[in-house]
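First up is the structure itself, then whatever we jot down about it.
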Amino acid sequence: EDSHEEEEDDDDDDNHDDGTLLPKGMSWCSFLTHPTTRVCLAGSWAYCWIFYTMLSEYPSYASSVLNMSVRKAGASAVGAYMLLWGTTTCTGWISDCIIARNLLSRLHTRKATYLAGMLPASAMLASVGYVESADSAIVLITLAIGIAGVSFSGVWTHVLDVSGEHSALLYATANVSATVPGFVSPLLVGLFLDVFGERQGWRLMFLTSGFVGCVGSAIFAFGATSMVLAAPSPS
């Protein structure tokens, strides 16, 4: 048993450079610019831009523009994120069924669920700044947040699909990168409001969220492959 454990330790040492989690023969630069890494970062970043922007800014928008009380705005936001929880859970189960029945390949299932969530959510958010009715704005935002949950089973499971034995490294990198919108988005909203005023500033915020979602969808749709993260072959 001791010799078997020593062999496993030797295998782990062969697969990684000393002192890092990187695949052997891969530098941090090549890891971060690897096509698989780029797609995973773009997809997770776009999803979390919508997630964190709405999480941090929706109550402020509802109280300042829609004239809702903070309590009512908070309750409305909770409902939207409960819907997101439901769509995330259900879509994960549906994706497993699709793959198990060979209706779509694993890669096409990931792409389909990501696009099914991100594209409608992006369109709804981009439309919010142009509606005059408070009820319509609330419905659009709630549906956008909820439907965005569909894409969760597309991007985050794809990270695991293509990371192989380096899932800890790739998932952690994507997760850390995806928190950046959590502080960039509020700063951008504040800049929009200071420069363009309240009404136009919020409109630009929603348009920006829709644009980021569409860009992330395009990168994921055309860039995601089944290529597993690995060091480049020596020439």
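- Considering all non-hydrogen atoms of both residues, P186 and S56 come closest at CG-OG, 3.8 Å.
- A continuous path of Ile, Leu, Val, Met, Phe, Trp and Tyr side chains, each step under 4.5 Å between heavy atoms, connects V155 with L32, placing both in one hydrophobic cluster.
- Summarising the local packing, CE of M227 is surrounded by more than 12 heavy atoms from other residues, nucleotides or ligands at distances under 6.0 Å.
- Under the 4.5 Å side-chain heavy-atom criterion for ILVMFWY residues, a single connected hydrophobic cluster contains both Y52 and L191.
- Counting heavy atoms from C-beta outward, W156 and Y171 have side chains that approach closer than 4.5 Å.
- Hydrophobic clustering places V195 together with V189 (ILVMFWY residues linked when any side-chain heavy atoms are closer than 4.5 Å, directly or through intermediates).
- By the neighbour-count criterion of 12 heavy atoms within 6.0 Å, atom CZ of F211 is sparsely surrounded, having that number or fewer from other residues, nucleotides or ligands.
- R110 has its side chain out of reach of L104: every pair of non-hydrogen atoms, C-beta onward, lies at least 4.5 Å apart.
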Next on the checklist: Walk me through whether T173 and L41 qualify under side chain to side chain contact (heavy atoms under 4.5 Å, CB included).
Outcome noted: CA-CA 8 Å; T173 303; L41 294 182; 4.1 Å; yes

Checklist entry - Does the pair I138 and M68 meet the rule for a side chain to side chain contact (heavy atoms under 4.5 Å, CB included), with working shown? => result CA-CA 11 Å; I138 293 172; M68 296 173 60; 3.4 Å; yes

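- Residues F206 and M54 meet the side-chain proximity criterion, which asks for heavy atoms closer than 4.5 Å.
- With Y114 as the fixed residue, the ring pair (Phe, Tyr, Trp, His ring centres under 6.0 Å) test singles out one of F152, Y47, F220: F220.
- In this pair, F31 and W28 present their aromatic rings perpendicular. The plane angle is above 60°, beyond the 30 to 60° band.
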Item to check | From CA spacing to verdict: side chain to side chain contact (heavy atoms under 4.5 Å, CB included), L107, S105 | outcome: CA-CA 5 Å; L107 177 62; S105 68; 4.2 Å; yes

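- Under the 4.5 Å side-chain criterion, counting only non-hydrogen atoms from C-beta, V128 is not in contact with M124.
- Classified by interplanar angle (parallel below 30°, tilted 30° to 60°, perpendicular above 60°), the ring pair Y81/F51 is perpendicular.
- For the pair C40/L170, a side-chain contact is recorded, criterion being any heavy-atom separation below 4.5 Å from C-beta on.
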Checklist entry - Where do S122 and I50 land on the side chain to side chain contact (heavy atoms under 4.5 Å, CB included) test, with the steps shown first? => result CA-CA 8 Å; S122 299; I50 291 178; 4.1 Å; yes

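- With a 4.5 Å cut-off on side-chain heavy atoms, M205 and L188 do not count as touching.
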